[in-house]
Visitor: 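One structure is given below, represented as structure tokens, and several questions about it will come after.
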Amino acid sequence: MIELLTADTPNGKKISIMLEEIKFDYKVTKININKNEQFKPEFKKLSPFSKIPVIIDHDKKISMFESGAILIYLGEKSGKFYDNDQRTIINQWLMGQMGYVGPMLGQHHQFHHYNPGKSEFGEKRYFKISERIYKELDERLSKSRFLAGMKYTIADIATFPWIARHEWHDIGLKNFANLTRWYQEISEREAVQKGYDLLNKGDQVPKV
Ligand SMILES: N[C@@H](CCC(=O)N[C@@H](CS)C(=O)NCC(=O)O)C(=O)O
């Protein structure tokens, strides 16, 4: 059984979506990052940067932090969404999400959504970068059904929950036809809808 220690954020949703997709038996343990539970010594032992998500594979008695590493682990363990012969390309789109798409959109959330009016420089900078990310993903998806090719992979699973915050971004997802097509196709997957609502609060995947 896999235990997912997480919060209701895009990085957390990546893993609940993957666990639903591969149909593994799992349970969610909520870490309230607004109440600093991530800094508790017992959590920090599992996650040295004090960040969610973390998984514990109770059968193997191992734990892991970093969502990209967790997706790779679950892809390898399940044999799903991380095909051997596609790994070179999947890894590039996955690392691009981990190092660029997620962190930049995360900063955009901080300046534009949570703290508007506090820093004009920050707001403009991350708005522009986020707009650029939308364009770059749209360009890729104009040539490819999914990020790493014809098949839905862990690179899509990692990127999707970030684009699902499109209402916060105010960039206008519907103006990016290929990104919208990709987003809608993934939104319709039952596992995505279930994994999106990881805390069973009735959260629905936002529409375009
Ligand atoms: N690179 C990490 C980033 C994880 C991350 O930023 N988690 C945030 C929530 S989305 C967190 O735990 N923040 C609490 C904190 O930094 O104190 C991953 O992908 O797992």
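Remember, it's 1-based here, ligands and their atoms both numbered in the order they're listed. Residues take their numbers from the sequence shown, with the count starting at 1.
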Visitor: Is the backbone N or O of Phe39 less than 3.5 Å from a side-chain atom of Asn36, with the two atoms forming a donor-acceptor pair by type?
Guide: no
Visitor: Does an N or O anywhere in Ser67 fall below 3.5 Å from an N or O of ligand 1?
Guide: yes
Visitor: If the contact criterion is a heavy-atom separation under 4.0 Å, does Ala7 count as touching ligand 1?
Guide: no
Visitor: Considering only heavy atoms of Gln38, which atoms of ligand 1 have at least one such atom less than 4.0 Å away?
Guide: 14 (C), 15 (C), 17 (O)
Visitor: Taking heavy atoms and a distance under 4.0 Å, where does Ile52 meet ligand 1: side chain, backbone, both or neither?
Guide: both
Visitor: Looking at Glu42, I want to see if its CD is surrounded by more than 12 non-hydrogen atoms of other residues, nucleotides or ligands under 6.0 Å.
Guide: yes
Visitor: Taking the six-membered ring for Trp, are His113 and His109 ring centroids under 6.0 Å apart?
Guide: no
Visitor: Could you walk me through whether Asn91 and Tyr82 pass the side chain to side chain contact (heavy atoms under 4.5 Å, CB included) check?
Guide: CA-CA 9 Å; Asn91 288 345; Tyr82 191 46; 2.7 Å; yes
Visitor: I need the atoms of ligand 1 closer than 4.0 Å to a non-hydrogen atom of Pro53, numbered in the order shown.
Guide: 20 (O)
Visitor: I need the Leu137 CG to Trp93 CH2 distance, nearest 0.5 Å.
Guide: 6.5 Å
Visitor: Nearest non-hydrogen atom to atom 2 (C) of ligand 1 belongs to which of Met64, Lys51, Lys13, Glu66?
Guide: Glu66
Visitor: Below 4.0 Å, non-hydrogen atoms only: which portion of Phe39 touches ligand 1? Side chain, backbone, both or neither.
Guide: side chain
